[in-house]
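Reading through the structure tokens given below for one structure.
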Amino acid sequence: MRLKNTLTNIKEEFQPLGDRVGIYTCGMTVQTIPHIGHMKTFITADVLKRYLIFKGYQVTHVTNFTDIDDKIIIKAKESGEDWRALAQRNIDIFFKVSDHLNIMRADYYPRATQFIEEIISLIDRLIQRGFGYIVDGDVYFPVERFPKYGQLAKKELKELMPGARVAVDEKKRHPLDFALWKAAKEGEPWWYSPWGKGRPGWHIECSAMSMYLLGETFDIHTGAEDLIFPHHENEIAQSVSATGKNFVRFWIHNTWLSLSGEKMSKSTGHYLTAEEILQKYSPQAIRLFFLKSHYRMPQEYDEDRLKEAELAFDRVRAFLNRVEPIGEEVLRLTDFEAAMDDDLNTPKALGIIFELVREGYEKIDSSEAKKIAHSVRVLLEVLGFDLAPSISGREKALIEELIRLRSNLRREKRYDLADQIRSRLKELGVIVEDKREGSIWRVVR
RNA sequence: GGCGGCAUAGCCAAGUGGUAAGGCGGCGGUCUGCAAAACCGCUAUACCCCGGUUCGAAUCCGGGUGCCGCCUCCA
């Protein structure tokens, strides 16, 4: 399997370091509820993880929450809510949305505030080794002391334009030095540290938590491309400086989701929440919308594309509804794996699944169709599509009773009533189709 | 100023040297009480432009144009 590594900018053959594949996904700063753009990142990581598991790897997956930072403090102060309650509320919504989208739960969901001790000892280690300096209770990382600074983002220290958009803090020795620890101002939350009361800087938590849970060198770190600089660059600088070891072997970054041609961003308010999108579209359609485009290609949020995905997935679901899956063998598996092995080419993999579906329809009443149904099921599940029925047994029995009644009406040519039942069921999300051999039905949405 | 990404049919989107996957839409047909679904056929002489390399290029090289992003917090 080859994965495009941001560090080297080429597709590299992936081999795990040890028995288990360690994956760290940069999670949310829980100052707001998740928007649809966030979900692209978590679905990308989900597909990578599911595919690795499918290939037989043991995976340890970590997704963090940044539950303390400037904006959380500001927001809490503005609303009068306790900052912990605010963070928890957003975390709760994240889980609700994430589960709804059938994103596999990570093995660990560490929070910055639960790792203060580890963070402090990591900062201490950095200071001991000369990679941290203290100014008025703040601790900064001196980027000039790390020769490879900029290697991930392919930036040269002297070519960067510090202060281009934000005033340079005169406390720092170099404008790009970043805070490992921030002294608490009046009224802010704080923890005790050797440098006084304060809180961790943004980047250090990810180094502390990932190394604690996955080891000082681990396999895969994922996130959206906007985190490459400075966040991931800083993670590397801190971690390597503290341990003297390589930090992450594969850096995987997905693109942003844009909205009306502009980046979707919570700081500008230019975004749509995940919850509102889930009101309008099925989790499967949303997943299909994302996977139809390669994770590293620019993608625009577009309602028409979502509607399209809904129709396309409905066709697949209707096939699986009609044909009982039978068999062991997964057809087209070699093609599917070749696509996925090539840096997770989900658009190509989906193309293979759609080809199978068409072939299945062609041979709808044959045993071949049953084998195809089994194959389609397996492959869709590798990609994380939830194919479980969305209705209860009682609902199913009721619907089938109505269909039976309607069939009798049709036999008696009482089409007015039969059509009424059909259109009423449609309003309720149950599609009825009359075939030569009888009526079939399925649930949409 | 530096760095990176993208440009393929009506729309979305794979394809990185061998003659254009897939999805949605559209048109014609089969089937059908009607509807729907499904199936069949058609829907890019062609991949932003110009030049080059090659037997052969959407794919490689050079030069343009356009759009987006990063160098602030952001998934």
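Computation of the quantities below employed the complete heavy-atom set of this structure, encompassing side-chain atoms and omitting hydrogens, waters and symmetry-equivalent molecules. Lettering of chains follows the sequences in order, A, B, ..., and the numbering in each one begins at 1. Small disclaimer: the values here were computed from a predicted structure and weren't measured.
- If you check every strand for non-hydrogen atoms under 4.0 Å, Met297(A) touches sugar and phosphate atoms only.
- In the set G22(B), C39(B), A14(B), G22(B) carries the atom at the smallest distance from any side-chain atom of Glu355(A).
- Counting non-hydrogen atoms under 4.0 angstrom, Glu433(A) reaches a base of the nucleic acid.
- Residue-to-nucleotide contacts include a donor-acceptor pair under 3.5 Å from the side chain of Lys155(A) to the base of C70(B).
- Residue whose closest nucleotide on RNA chain B sits further toward the 5' end, between Ile431(A) and Leu350(A): Leu350(A).
- Leu417(A) has its CG atom 15 Å from the C1' atom of G33(B), to the nearest Å.
- Ring pair Phe290(A)/Tyr295(A): centre-to-centre distance not below 6.0 Å.
- Defined by atom type and a distance below 3.5 Å, a donor-acceptor pair is present between the side-chain atoms of Glu276(A) and Thr273(A).
- Taking atom P on both nucleotides, A37(B) is separated from A13(B) by 25 Å, rounded to a whole Å.
- The listed nucleotides are A14(B), C73(B), C12(B); the one nearest the side chain of Ser293(A) is A14(B).
- Across all strands, Asp69(A) comes closer than 4.0 Å to no nucleic acid atom at all (heavy-atom distances).
- One donor-acceptor pair, N or O on each side, does fall under 3.5 Å between the base of G33(B) and the side chain of Arg410(A).
- Across all strands shown, G41(B) forms a Watson-Crick or G-U wobble pair with C27(B), both key distances being under 3.5 Å.
- When heavy atoms are screened at a 4.0 angstrom cut-off, Leu257(A) is found touching base atoms of the nucleic acid.
- Of all nucleotides present, only G69(B) satisfies the Watson-Crick or G-U wobble test against C3(B), with each distance under 3.5 Å.
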*Decide salt bridge (Lys or Arg N to Asp or Glu O under 4.0 Å) for Glu437(A) and Lys435(A); before the verdict, give the C-alpha distance in whole Å, the side-chain angles of both, and the deciding distance to 0.1 Å.*
CA-CA 5 Å; Glu437(A) 62 288 350; Lys435(A) 303 288 173 191; over 6 Å; no
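- Across all strands shown, C60(B) forms a Watson-Crick or G-U wobble pair, both distances under 3.5 Å, with G52(B).
- The side chain of Arg358(A) places no N or O atom within less than 4.0 Å of a non-bridging phosphate oxygen (OP1 or OP2) of C39(B).
- Atom C1' of nucleotide G5(B) and atom CG of Asp343(A) are separated by 14 Å, given to the nearest angstrom.
- Not a single donor-acceptor pair, N or O on each side, falls under 3.5 Å between the base of C3(B) and the side chain of Lys154(A).
- Contacts of Thr44(A) with the nucleic acid, taken as non-hydrogen atoms under 4.0 Å apart, are absent.
- With C1' as the reference atom, A9(B) and C24(B) are 13 Å apart, rounded to whole Å.
- Judged by distance alone with a 3.5 Å cut-off, a donor-acceptor contact links the side chain of Asp419(A) to the base of G33(B).
- Checking A13(B), C40(B), A38(B) against every side-chain atom of Glu362(A), the shortest atom distance belongs to C40(B).
- Here the side chain of Pro298(A) is nearest to one of G33(B), G69(B), C6(B), namely C6(B).
- By the 30° and 60° cut-offs, the orientation of the rings of Tyr212(A) relative to Phe115(A) is perpendicular.
- One atom, CZ of Arg305(A), and another, C1' of G22(B), lie 14 Å apart when rounded to the nearest Å.
- A distance of about 44 Å separates the P atoms of G29(B) and G17(B), rounded to the whole Å.
- As judged by a 4.0 angstrom heavy-atom cut-off over every strand, Tyr415(A) is placed among the base-contacting residues.
- A 3.5 Å limit on both hydrogen-bonding distances identifies no Watson-Crick or G-U partner for A46(B).
- Atom name P, nucleotides G4(B) and A20(B): the rounded distance is 33 Å, in whole Å.
- For Leu311(A), taking side-chain heavy atoms from C-beta onward, the closest of the listed nucleotides C71(B), G25(B), C73(B) is G25(B).
- Taking 4.0 angstrom as the limit, Arg406(A) places none of its side-chain polar atoms (N or O) nearer than this to OP1 or OP2 of G33(B).
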*List the steps, then state whether ring-ring contact (aromatic ring centres under 6.0 Å, His included) holds for His203(A) with His232(A).*
CA-CA 8 Å; His203(A) 317 291; His232(A) 291 163; 9.4 Å; no
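- Side-chain N/O atoms of Asn9(A) include none lying less than 4.0 angstrom from OP1 or OP2 on G4(B).
- Sequence order on RNA chain B of the closest nucleotides to Met28(A) and Ile440(A) puts Ile440(A) first from the 5' end.
- Evaluation of atom-type donor-acceptor distances gives a pair under 3.5 Å for the side chain of Glu308(A) against the base of G23(B).
- The same atom, C1', is picked in C47(B) and in G15(B); the two are 10 Å apart, to the nearest Å.
- Checking G33(B) for Watson-Crick or G-U wobble geometry (two distances, each under 3.5 Å) identifies no partner in any strand.
- Residue Phe289(A) contributes atom CZ, which lies 12 Å from atom C1' of A13(B) at whole-angstrom precision.
- Relative to the ring axis of Phe289(A), Arg305(A) does not place its NZ or CZ within 45° and under 6.0 Å from the centre.
- Of the candidates C71(B), A38(B), A21(B), the closest approach to any side-chain atom of Phe229(A) belongs to C71(B).
- Using C1' as the reference atom, U8(B) and C49(B) are 15 Å apart when rounded to the nearest Å.
- A distance of 6.0 Å or more separates the ring centres of Tyr133(A) and Phe141(A).
- The aromatic ring centres of Phe218(A) and Phe247(A) sit less than 6.0 Å apart.
- Straight-line distance from the CG atom of Asp335(A) to the P atom of G15(B): 15 Å, rounded to whole Å.
- The base of A37(B) sits within donor-acceptor range of the side chain of Lys435(A), with an N or O pair under 3.5 Å.
- Between the NZ atom of Lys292(A) and the P atom of C11(B) there is a distance of 14 Å, rounded to whole Å.
- In the set A14(B), C12(B), A38(B), A38(B) carries the atom at the smallest distance from any side-chain atom of Arg315(A).
- Across all strands, Gly223(A) comes closer than 4.0 Å only to sugar-phosphate atoms, never to a base (heavy-atom distances).
- With rounding to whole Å, Lys348(A) atom NZ is found 12 Å from G22(B) atom P.
- In this structure, Pro34(A) reaches neither bases nor backbone, as no heavy-atom distance under 4.0 Å exists between it and the strands shown.
- Rounded to whole Å, the P atom of G56(B) lies 35 Å from the corresponding atom of G23(B).
- Comparing the C1' positions of U43(B) and G22(B) gives a spacing of 16 Å, expressed to the nearest Å.
- Using a 4.0 Å heavy-atom cutoff across all strands shown, His35(A) reaches at least one base atom of the nucleic acid.
- Protein atom CZ of Arg332(A) is 13 Å distant from nucleotide atom P of A21(B), rounded to whole Å.
- Looking at Arg422(A), its side chain comes within 3.5 Å of the base of C34(B) through a donor and an acceptor atom.
- The base of C24(B) does not come close enough to the side chain of Asp304(A) for any donor and acceptor atom to sit less than 3.5 Å apart.
- Glu433(A) and Ser439(A) share no side-chain donor-acceptor pair at under 3.5 Å.
- The aromatic ring centroids of Phe319(A) and Tyr361(A) lie less than 6.0 Å from each other.
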